[in-house]
Amino acid sequence: MYSKIFKEIVEVMHHDYAGYIDKIGWDRPNDYKKRIRNLERNNALNTTLFSEIVNDYLLDFKDPHVYLKVSTDKTNQEYQIGFNVRRYANRLFVTNVTKEKRLQVGDEIISVDYIPIDVLVHKHRRELRDDGAEREDWRPILKKYYQCEVRTADGSTFSMEFNQYEKKLHTPPYKIEKYNDSTLLLTFTDFKDPDGIKKLLNHYMEDLIQYENWIIDIRTNYGGSDVAFHSIIPYLFPEGENQIDLSEKYAMKFNCTEKNYERIKQSFEKELQTIKDEKAKQSLANYLYQWEENKGKGFVAFNSNVSKIIEGKKMPKQVAVLIDRYCSSSGEVFADICKHSDKVTLIGRPTYGINGYGNITCAVWNNRFELYYPTSRLNSMDKGKTLLDVAVHPDVYLPWTPEHLERDVDLLEAEKQLSSK
């Protein structure tokens, strides 16, 4: 069974994945086929190990949008270690604690399984993908280890075995709150729910048109759909007619294979049944129609209006948008649109940069293994761009340091920028 599934995964990556034309010869499927076959013969292969092997194979494509996920049920739960870290120099600083109560924000991890952090960086170069500590993701790496050595704020150290905590579904905390007498703080951790965002904006409509300044926090944004933030965009541009042209950066083609069409159709038909916003529904329906018209034709440029006329609003007068490496996918498109407005200042660090290959779909085996991969490719990828090349860069760059754990450096800079103008 596993050998057959892996063969079909390779087929997807060599034909349906939008990046295959740029990455011919990057992967080594035969090495993994042999390993999987040998493990199967010895009855030594299970769901977890197979998933790990496949994801290791997929690393060769150097695309964060490509990964294999095992669907969860009562017999197979997805786990996490209960905290997040960020590297600075040769230490991992705890930046967020969810379930692991033995740690506090600001604690330092100085070794993992007695391996120094700089050695781990070299060992896991493929998984870390990016050069530069502030752009690394250590979550999947720490899950592979048994224990760590921790240094606390008072200088004491202790060893701690990693625990596994059941991963909970992400619940997006869309928020609008008063920051000060002239400023609203808006937080969007994804753009997956156009109805939820529109409902939030309608609820706070009176405040939105009264406050002179906005700060929008998308430093953590898991993406979703561009249609979800359409209702926010008019507020970000000066009053009157504004024309923006995104054609140079976002001209793309879709890999319109028959299988991609069937997978896209299945997921979007479900989504259309749940969305109430008529503009969002129309946008998705048009997208699905173009897939149907072009299925089987290979790479095709869809009809899309990347030159937009935006009717801006009087308020707010100024907007600061906070971005970071954990802002991805449609969150990055939102940040890119903001860059075209004289009202907006982007503050923080470059976004993830994963939109070179986008419009994700999913292939499923046995109702358990889910392969996620992009179906579209930016024309600019012809130039061999990297994640950092495709990322949206801030107007005010603030490198990440442990000082961010003591005070919100980005937010304070936003306040400073707004008050100075």
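Quick caveat: nothing in here was measured; it's all calculated off a predicted structure. Atom set for the values below is all heavy atoms of this structure, side chains included, hydrogens, waters and symmetry mates excluded.
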Hey, is Arg151 close enough to Asp107 for a salt bridge, meaning N to O under 4.0 Å?
no
Salt-bridge criterion met for Asp193 and Lys198 (N-O under 4.0 Å):
no
Glu127 and Arg139 ion-paired at < 4.0 Å
no
Under 6.0 Å between the ring centres of Phe229 and Phe334?
yes
Please confirm whether the ring centroid of Tyr235 lies under 6.0 Å from the ring centroid of His230.
no
Between Tyr204 and Tyr211, is the ring centre distance below 6.0 Å?
no
Report yes if the distance between the aromatic ring centroids of Phe6 and Tyr57 is under 6.0 Å, otherwise no.
yes
Electrostatic pair Asp16:Arg263 at N-O distance under 4.0 angstrom:
yes
Going by side chain to side chain donor-acceptor pair (under 3.5 Å), name the pairs with one or both residues in residues 95-105, residues two or more places apart or in two chains.
Glu100-Arg102, Glu100-Tyr165
The test is ring pair (Phe, Tyr, Trp, His ring centres under 6.0 Å); show your working for Tyr179 and Trp214 and say whether it passes.
CA-CA 9 Å; Tyr179 182 71; Trp214 288 11; over 10 Å; no
Should the pair Lys62-Asp27 be classified as a salt bridge under the 4.0 Å nitrogen-to-oxygen rule?
no
Regarding Lys123 and Asp118, does a basic nitrogen lie under 4.0 Å from an acidic carboxylate oxygen?
no
Main chain of Tyr222, side chain of Asp190: is a donor-acceptor contact present, judged purely on distance under 3.5 Å?
no
Donor-acceptor pair, distance only, cut-off 3.5 Å: does the side chain of Glu311 make one with the backbone of Asn242?
no
